[in-house]
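The block underneath contains the structure these notes are about, expressed in structure tokens.
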Number of protein chains: 2
Amino acid sequence: MDEIDQTIVNLLRTDGRTSYAELARRVGLTAPSVQDRVTKLEKNGVIAGYRAVIDSEAIGLGITALIGIIPDNAADHHDICERLRAIPQIESCYFLAGVECYQLKVRVPKMGDLERLIHRVGAIPGVAQTRTTITLSTKWEDRPQPVPYEQED
Amino acid sequence: MDEIDQTIVNLLRTDGRTSYAELARRVGLTAPSVQDRVTKLEKNGVIAGYRAVIDSEAIGLGITALIGIIPDNAADHHDICERLRAIPQIESCYFLAGVECYQLKVRVPKMGDLERLIHRVGAIPGVAQTRTTITLSTKWEDRPQPVPYEQED
DNA sequence: CTCGACGAGTGGACGAGATCGACCAGACCA
DNA sequence: TGGTCTGGTCGATCTCGTCCACTCGTCGAG
């Protein structure tokens, strides 16, 4: 993970379809060696994948909400986590330090879907309470910040 | 935005580097026509971009936190939003319905960076109070859910 | 000091993919 | 009926991805 790798990561982070040839030009190497570096970054898990960024409203997922989960004392966290994972509408799931020990980011087409989703989450054993907040607008999301200068891997 | 477009979007959403040729095979068209569709989807803003998914710990951003902002009565939301946008560590920013009218997702290398960040956010005019929650672990993040069956663009 | 192994990069060759222009078929409408 | 528009195919060409052989430092062992 040297400076060249960082540049590659930064470039792919802002445009995941940048070709190896283009990356090679930017970092001053040839395409095969860049490809080699990228392959290693993928193997090491530094690059976990590539995604198209989709406008969720455009594909009918107009409603975004945040759901906090307060567990009860007997909660089996592994079980809760697996049950949450099975719900496709939950796009992100964070385990938090606090009373609300999970926060979910969910997207649904309609309010009715959100209501059903909240009930489904609330019905998971170990979930004592949920607290849902609607997002009125997303100012921005997953904006890549530059890789800070990094020691070693 | 017909069924073929949805398939293309779903494929690119899970693997943003899928080639046009591969997409063409999957949807039963030729590469040029798929390319044409993708170009239109990009123009329409349905596809907003492509990103490599990076393991933030691997690049030295080991700490993720959620910061809620409670504004005061005189808050100028446009101004707050712009000042927040200027802070690179804020990867996502949602405008919420609730007492905490913004929620930020931030990533920093060290706890000290988080502390400075909280002070910086708290110093923005119109911000009455902030509430920060550390994420102990990210179970998953930005998992693409399939495009629901959709009426029209 | 020399030898061999190894990691990282280069250069060339070849097949696959991207891209462009020309052409075609069906829908729609005057 | 004929014109136009949209969305598709086909084929040519150029670029890109990918594999392989080779080179060049570096490093440790003998």
Side-chain angles (χ1 to χ4, degrees), chain A residues 1-61 144 146-153, chain B residues 1-61 144 146-153:
Chain A
M1 192 75 197
D2 60 3
E3 207 170 326
I4 293 181
D5 281 342
Q6 286 176 39
T7 310
I8 291 174
V9 165
N10 278 332
L11 289 168
L12 286 176
R13 220 172 177 206
T14 27
D15 181 4
R17 298 210 93 177
T18 311
S19 67
Y20 293 129
E22 178 63 22
L23 291 173
R25 279 188 288 270
R26 299 293 195 88
V27 301
L29 293 177
T30 57
S33 61
V34 167
Q35 188 187 19
D36 193 42
R37 281 171 176 267
V38 171
T39 306
K40 281 174 191 163
L41 289 169
E42 290 167 353
K43 285 242 170 65
N44 296 343
V46 177
I47 298 178
Y50 302 90
R51 303 236 178 95
V53 181
I54 304 298
D55 176 6
S56 32
E57 292 194 20
I59 58 169
L61 294 169
V147 177
Y149 189 66
E150 170 64 2
Q151 51 293 354
E152 258 322 291
D153 78 298
Chain B
M1 193 73 197
D2 59 3
E3 206 170 327
I4 292 181
D5 280 343
Q6 286 177 39
T7 311
I8 291 175
V9 164
N10 277 332
L11 289 169
L12 285 176
R13 220 170 177 210
T14 33
D15 181 4
R17 298 209 89 171
T18 311
S19 67
Y20 293 129
E22 177 64 22
L23 291 173
R25 279 189 287 271
R26 299 293 195 86
V27 301
L29 294 178
T30 57
S33 63
V34 167
Q35 187 186 19
D36 194 42
R37 281 171 176 268
V38 171
T39 307
K40 281 176 190 162
L41 288 170
E42 289 167 354
K43 285 243 170 64
N44 296 343
V46 177
I47 298 178
Y50 303 90
R51 305 237 177 95
V53 182
I54 304 297
D55 176 6
S56 30
E57 293 194 19
I59 58 170
L61 295 169
V147 177
Y149 191 65
E150 171 63 0
Q151 54 291 354
E152 256 324 288
D153 79 303

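Proteins get letters first, then strands, A, B, ... in listed order; numbering begins at 1 in each. Computed from heavy atoms alone, side chains included, the values below leave out hydrogens, waters and symmetry copies.
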Legend entry - Atom-pair distance (CG on Asp36(B); P on dT9(D)), nearest Å: 11 Å
Inset, instruction - Kindly indicate whether the side chain of Asn10(A), heavy atoms from C-beta on, has any atom under 4.5 Å from the side chain of Thr14(A). - result: no
Legend entry - Phosphate-side-chain proximity, Thr30(B) and dG8(D), N/O vs OP1/OP2 below 4.0 Å: no
Legend entry - side chain to side chain contact (heavy atoms under 4.5 Å, CB included) partners of Pro32(B), counting only residues at least two apart: Thr30(B)
Inset, instruction - Could you list all the side chain to side chain donor-acceptor pair (under 3.5 Å) pairs where at least one residue sits in residues 16-29 of chain B, not counting sequence neighbours? - result: Glu22(B)-Arg25(B), Glu22(B)-Arg26(B)
Legend entry - Qualifying salt bridge (charged side-chain N to carboxylate O under 4.0 Å, His left out) pairs with a residue from residues 31-43 of chain B, counting only residues at least two apart or across chains: Asp2(B)-Arg37(B), Asp5(B)-Arg37(B), Asp36(B)-Lys40(B)
Legend entry - Side-chain N or O of Lys40(A) closer than 4.0 Å to phosphate OP1/OP2 of dA8(C): yes
Inset, instruction - Take atom CZ of Arg37(A) and atom C1' of dG17(D), then tell me their distance rounded to the nearest Å. - result: 18 Å
Inset, instruction - Would you check if Met1(B) and Ile59(A) make a side-chain contact, meaning some heavy-atom pair closer than 4.5 Å? - result: yes
Inset, instruction - Calculate the interatomic distance between Leu29(B) atom CG and dC10(D) atom P; express it in whole Å. - result: 11 Å
Inset, instruction - Sequence neighbours left out, what passes side chain to side chain contact (heavy atoms under 4.5 Å, CB included) with Thr7(B)? Give chain and number order. - result: Leu11(B), Val27(B)
Legend entry - Protein proximity profile, nucleotides 12-27 of chain C - base contact B, sugar-phosphate-only contact S, no contact -, cut-off 4.0 Å on heavy atoms: -----SSBB-------
